[in-house]
Structure formats: structure tokens, C-alpha cells
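Quick notes on the structure that follows.
Only heavy atoms go into these numbers, but all of them, side chains included; no hydrogens, no water, no symmetry mates. Lettering follows sequence order; numbering is per chain, from 1. Everything numeric in this text was worked out from a predicted model, so none of it was measured.
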Amino acid sequence: MSQMNGASSLVASLEAAGVDVMFGIPGGAILPAYDPIFSSSIRHILVRHEQGAGHAATGYAQVTGRVGVCIATSGPGATNLVTPLADAAMDSVPVVAITGQVPSVAIGTDAFQEADIRGITMPFAKHNYLVTDPADIPRAIAEAFHIASTGRPGPVLVDIAKDALQKMTEFAYPSSVSLKGYKPKLAPDAQSIIDAADLITQSSKPVFYVGGGVIKANASRELLELAQLLGAPVVTTLMARGAFPDSHPLNLGMPGMHGTVAAVTALQKSDLLITLGARFDDRVTGKLSTFAVNAKVIHADVDPAEIGKNRFADVAVLGDLKHSIAALIPAVKAALAKNRPDLTAWLRQMNSLKATYPLGYDVPKDGSLAPQYVIERLGKISGPETIFAAGVGQHQMWASQFVSYENPRTWLNSGGLGTMGYAVPAAMGAKVGAPDSTVWAIDGDGCFQMTNQELTTCALNNIPIKVAIINNESLGMVRQWQTLFYEGRYSNTSLESKRIPNFPMLAEAMGCVGLSCDRPEDVDATIEKAMSINDQPVVVDFRVARDAMVWPMVAAGASNDDILIARETAPDWDSQEL
Amino acid sequence: MAQHTLEVIVENSPGVLARVAGLFSRRAYNIERLSVGPTDNPETSKMDIVVNLDGHALEQVIAQLDKLINVIAIKEIVPNTAQPIVHDTQPDYQN
Ligand SMILES: Cc1ncc(C[n+]2csc(CCOP(=O)(O)OP(=O)(O)O)c2C)c(N)n1
Ligand SMILES: [Mg+2]
């Protein structure tokens with residue numbers, strides 16, 4: 001034990017928690033902490049907006065699997081963290097946010113820069129703390145890291161009153177954390193594994209419905225073994241791209257609103273959904289009452305509240321997925337040895353759909369650039385070790401569809417909250433977490449204008465990310481809905497971003513290299529040029545056709561049975577034996 | 001729909017009532033009646049929450065309540081039965 005002020009106790013606690021980097025901006029209430037940060041071994045990256053700090057912490061966490069840390073002052077600093085923390089909650093990302101709070105005597109008086117950030121984040125944070133006694137700081141930090149990183153990961157906020165940072169205290173970091181009301185389950189019950197294996201051997205149309213939980217649990221290897229053992233098709237949700245190799249013959253691609261015909265249909269026609277770390281989100285199920293109506297459900301998840309939330313589970317496998325899938329492998333092996341169902345007809349049907357309805361796009365007849373082509377080439381040229389972070393919109397869906405993901409933690413996006421502005425700061429955090437990897441942000445011209453200020457942070461701190469702006473001069477995804485559902489009345493979706501701003505100039509102004517490309521024949525050379533620059537961030541303004549649309553599509557609230565492969569075009573079901 | 005009473009043991013820490021009340025409101029569940037009182041253990045309090053929920057919805061409320069870090073144990077008092085159903089994050093917890 002040693003005597004120090006609360007601020008030093010905070011920084012010593014963060015060091016003890018194993019923090020190597022944090023993203024933040026100082027201000028009055030958190031200022032005491034910035035003094036010991038100055039001499040700490042922890043790298044502090046000074047961002048340009050707290051939202052950037054939050055998404056950077058998320059990107060760092062998604063790439064490394066470790067807890068991402070952001071730090072801000074009271075009031076506006078703290079409220080600027082709300083969006084990235086809500087984002088981290090929706091996508092189950094382990095993030096710890098530290099905020100300064102006004103002095104404890106001022107709490108509740110509408111003091112300067114007072115905001116009840118604990119109250120504000122209560123609805124979505126996995127947990128949060130308001131610390132007013134410096135003696136509580138080490139325990140709050142230890143608990144925050146424990147809660148953020150175990151069970152179903154999520155964001156935890158620790159709000160610390162300024163006087164608690166200033167007062168003297170004894171520093172002692174707890175050697176272990178024990179919480180009466182929080183005991184996440186690691187190993188699944190033996191009976192649930194037996195029941196699941198049993199259902200699997202009774203199924204002739206099983207499909208692995210794989211969600212982001214598999215990546216969180218680092219269970220990709222186990223999944224590969226189990227999938228190959230059973231030989232059943234696999235679909236990977238938007239949050240699970242990379243959990244199972246896209247090149248694997250069993251992979252049918254992404255299900256959901258913009259999923260492949262094969263993946264959507266596999267879920268729809270299945271008799272058993274082997275659900276691993278997925279949550280039956282409405283963007284996957286479409287109209288719930290018509291979703292996979294003939295399927296039984298095995299639901300493996302670490303969060304008990306997900307079981308049965310949207311869809312009844314015939315067998316619930318509660319536990320950490322790494323343990324659960326590892327336990328399923330020998331159980332399924334033994335069960336199959338006794339009774340191996342014949343999946344050939346099912347696989348033939350699914351492979352026929354995959355072959356008949358591959359993802360595709362129209363090449364614009366006027367010679368302008370297809371956004372999908374740009375993204376496809378980015379994936380091909382930069383290769384399977386590259387990390388991609390997408391914004392939200394059409395470019396996000398194309399980045400999920402047209403890049404082949406072979407490895408977990410190489411695809412980052414805002415799936416649950418759909419946060420425009422996620423890509424640039426998340427890519428920054430990813431690059432900090434994986435400095436030897438190439439990191440590409442695939443961003444929309446709309447999204448990019450929300451958070452591009454972090455390119456200055458990247459340029460100054462030697463974080464050479466690459467950004468591909470898919471510049472369709474519009475809020476493309478919203479425009480697509482206006483095309484389809486509002487008779488082409490394009491209310492407030494034109495950004496005119498081929499005119500203003502000048503993205504390459506903007507990039508140059510922030511210390512990056514700015515490139516531009518608007519012809520298909522220049523795409524490869526431009527990407528290669530960007531790939532050759534590694535001492536500076538690079539921004540490429542890909543000026544693409546405005547009217548491209550994301551297909552396939554299941555309209556919001558519609559049944560997955562009504563998937564369209566192009567405008568007013570359903571798959572030719574009659575020619576498929578289903 | 002039958003009324004069910006949930007007996008919820010929570011950590012006696014600031015903000016717990018807001019966490020529980022907030023959970024009900026944001027998940028669109030009605031609270032019929034709520035009372036909070038002390039237990040023999042000064043570190044915990046007991047909330048009696050009466051809800052008009054059954055089956056699946058009731059299970060979800062219990063599961064979501066259980067996720068709150070400050071919620072230690074939940075007992076469901078089922079009408080016309082002697083024994084409460086105990087939902088417990090920590091089976092060995094005695095209150
Ligand atoms: C913060 C935020 N505001 C609004 C939206 C609604 N929204 C979803 S996609 C989109 C358009 C995004 O435009 P852009 O970044 O250019 O991507 P594109 O769809 O054109 O590829 C909008 C406005 C959102 N998801 N997030
Ligand atoms: Mg756009």
C-alpha cells in the first residue's frame with residue numbers, strides 16, 4: 001500500500017488492469033488524472049472529439065479482444081461518449097470509459113459542466129459507477145474491467161468526482177474481483193450438450209446460424225471443426241463475418257436484410273438452427289412470425305436473457321461459446337457415430353442456390369465507377385490479413401458482401417446501433433491495436449463527414465490508416481429507401497460531395513495523402529498507390545455511380561420469403577427443388 | 001393474466017432503484033406495485049415487485065433483471081403455491 005492522490009490511484013489502477021493505451025481529451029473535472037497520465041507507461045492518444053475516443057476504444061477492442069479504454073471530462077466530454085458507448089453495448093464490445101465529474105459537493109446543483117452521465121448511460125451500459133471516495137477507485141476500476149471483459153462483453157463507465165481524484169488515499173489494487181450479483185457461466189451443463197447433439201442427429205436440414213459471439217469467444221477454430229464434422233451449411237451474420245472462412249465450401253454467406261439468397265433461404269427452410277452467439281435480430285429474421293417456421297432451435301449463448309428473447313429455444317446451451325462448442329464436438333461425434341443423418345439433398349439444394357444466385361452487381365453503362373467493384377478490388381488487392389472497418393450505409397453492406405473475410409477480427413462495423421461515423425475512429429483504434437496490419441476504413445461520403453477529424457489524430461500520432469471514401473454524393477442507403485418506398489422523392493439525401501468538400505484536399509490539410517479515382521481502369525493502380533504509402537494516413541476519394549443499390553433485399557418488416565434479388569425481381573423458386 | 005410477485009434482493013447501493021425502474025420502463029413492462037425495504041443484511045435491500053405478466057414475458061423480465069449487476073437474487077412468488085420459485089445468479093446466496 002502506498003499513499004497517493006486519487007488521480008494517481010486511478011492511473012496506477014489502470015496500469016494494474018493491464019491498460020497499454022487509452023484515447024481521450026482532458027478538461028477541468030478530469031484534469032487531476034492527466035497529471036499522472038503524463039508520466040505513466042500508458043500511451044494516451046489525444047483525439048479531436050470524444051466520440052472518436054469511444055469508437056477508437058471499440059476498434060481497438062474488436063481487433064485485440066482486450067478492453068478498449070477512453071477517457072473524457074465531465075458534462076460535454078462525457079455526453080460525447082454516449083454514442084460510442086451505446087454502440088459498444090449493441091455490439092457487445094468490452095470498453096471501459098473513465099469520466100471526470102464535478103466535485104462531490106457540487107453534484108446535483110447544475111454546476112458548470114455537470115451532466116449525470118451515470119444516469120444517462122444506465123439504460124445501455126453493462127454497468128456503471130459514480131465514485132466520490134478515492135478509496136473506492138481501485139475496486140471500481142478492477143470491477144469495471146472484470147465486468148466489461150467477461151460474460152457477454154460490454155461497456156462500463158466509471159465516473160469519478162474531481163475531489164476524489166484530488167484527495168489523498170491508500171492505493172491497493174484488488175487481487176481478485178467477486179461480485180454477488182454477477183457470475184457469468186463458463187462451462188455449459190452436460191445435459192444441454194447431450195440434448196443439442198441429439199437434436200443435431202435428428203435433423204436433415206441443419207444450418208449453423210453464427211453470430212458475433214463466436215468472434216468474442218475466440219471460438220472460430222472450434223466452429224470450423226464442428227461445422228466440418230457435421231458437414232452442415234454455415235451462415236455468418238453481419239457481426240460474424242470472418243468467424244468462418246468465406247472461402248469454405250460450407251459457407252453460404254451473410255443472412256438478413258441484405259443477405260445472400262442461399263443464406264436467407266437456408267435459415268428459412270431449415271429444420272434446425274444451430275445458433276451460436278447470435279440473437280435473432282430483426283435485420284436477420286425479417287418478420288419474426290414467418291422466420292424459419294419449420295426449424296427447431298439450439299441456442300448457444302453466454303447471455304441467459306438472449307435465450308428465448310425473440311425466438312423460442314428447444315435446447316438452450318448456456319455458457320462461453322469456446323467451452324460450449326468444444327463440448328459439442330465430442331458429443332456430436334459420438335452421436336453421429338450411432339446415427340448419421342443424410343444431408344446430401346439439403347446440401348445440394350443450398351449449393352444450387354449459391355451457384356444460381358451469387359452476389360453480383362450491374363456495371364454502369366456510362367463508364368462510371370461501380371462502388372461494388374471498388375470494394376471488391378480493395379478486398380482482392382489488400383488480401384485476407386487486412387482489417388476492414390466500415391461506416392454505415394450502402395458501402396457497409398457492400399463491404400460485408402464483396403470482401404472475402406477469412407479470419408476473425410478482420411471485419412469491424414457498427415452492426416447493432418448503425419452508427420454513422422464509426423469507421424475512421426474505429427480504424428484508428430484497430431491500427432493502434434494491430435500496428436503491423438493494414439487497416440482500411442471503407443467509409444461513405446456521409447459518414448466520413450461525421451468523424452474525419454480523427455485523421456489529424458492519426459497523422460500526428462503515426463497511425464497510418466487508409467480510408468476509401470465510397471463517394472456516391474448522397475446518403476445512399478436512405479436514398480435507396482426513397483427510391484423503393486417513397487417514389488423517388490429524394491428529400492434531403494443529396495450531399496453534393498463530388499463538389500464540396502474536396503476530400504483529397506481535406507485529407508491533405510489533415511496531414512494525410514489524398515488521392516482520387518473515378519475510372520474503373522484506375523482503381524487497381526490507385527489502391528496499389530495507397531498500399532505503398534505506410535508512413536502517413538491515406539484517403540482515397542472513390543467517385544462512384546450514385547444510383548447503385550444494395551441487393552438482395554428483404555424490405556423492413558417483410559418476410560424473408562419475400563427476398564428480392566433486384567428491383568421487383570424474386571428468385572425463380574420454381575426452378576429450385578426446396 | 002395473473003399477478004406475479006418478484007422478490008428481488010439487490011445490493012444496497014445508490015442508483016439501484018433507478019436501474020430496476022429504468023429496466024421495466026425501457027423494456028415496456030408495467031410495474032403494478034413496488035416496495036423497497038431493508039433486509040437483515042445492511043448491505044442488501046429487498047424489492048417486492050408486482051407485475052401483470054405471464055409466461056414468456058415474465059421469464060424475460062426475470063432474465064433481464066438478473067443481468068443487472070446489483071441484482072443478487074430473484075424469487076418468484078407464484079400465486080396459490082407454498083414454495084417460491086427461486087431464480088438465482090448465485091445459488092449459494094443466503095438472505
Ligand atoms: C448517426 C446516424 N445518423 C443517421 C443515420 C441514418 N442513416 C443510415 S445510412 C445513412 C446514409 C449514409 O450515407 P453515406 O455515409 O454516404 O453511405 P452510403 O449509404 O451512401 O454508402 C443514414 C443517414 C445513421 N445510421 N446514423
Ligand atoms: Mg454516400
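Proximity to chain A among residues 21-33 of chain B is limited to B:Arg26, judged by heavy-atom separations below 4.5 angstrom.
Listed options B:Glu11, B:Glu59, B:His56, B:Gln64 were ranked by heavy-atom pairs under 4.5 angstrom with chain A; first place goes to B:His56. Your options are A:Arg118, A:Met122, A:Lys126, and the one with the most heavy-atom pairs under 4.5 Å with chain B is A:Met122.
Between B:Arg19 atom CZ and A:Asn128 atom CG the span is 4.5 Å, to the nearest 0.5 Å. Atom CD1 of A:Ile147 is separated from atom CD1 of B:Ile69 by 4.0 Å, given to the nearest 0.5 angstrom.
Other residues, nucleotides and ligands place no more than 12 heavy atoms under 6.0 Å from the NZ atom of A:Lys287.
Applying the side chain to side chain donor-acceptor pair (under 3.5 Å) test to every pair with at least one member in residues 294-306 of chain A, sequence neighbours left out, gives these pairs: A:Arg152-A:Asp303, A:Arg152-A:Glu306, A:Asp303-B:Lys67, A:Glu306-A:Lys309.
Looking at A:Ile307, only its backbone comes within 4.5 Å of chain B, counting heavy atoms on both sides.
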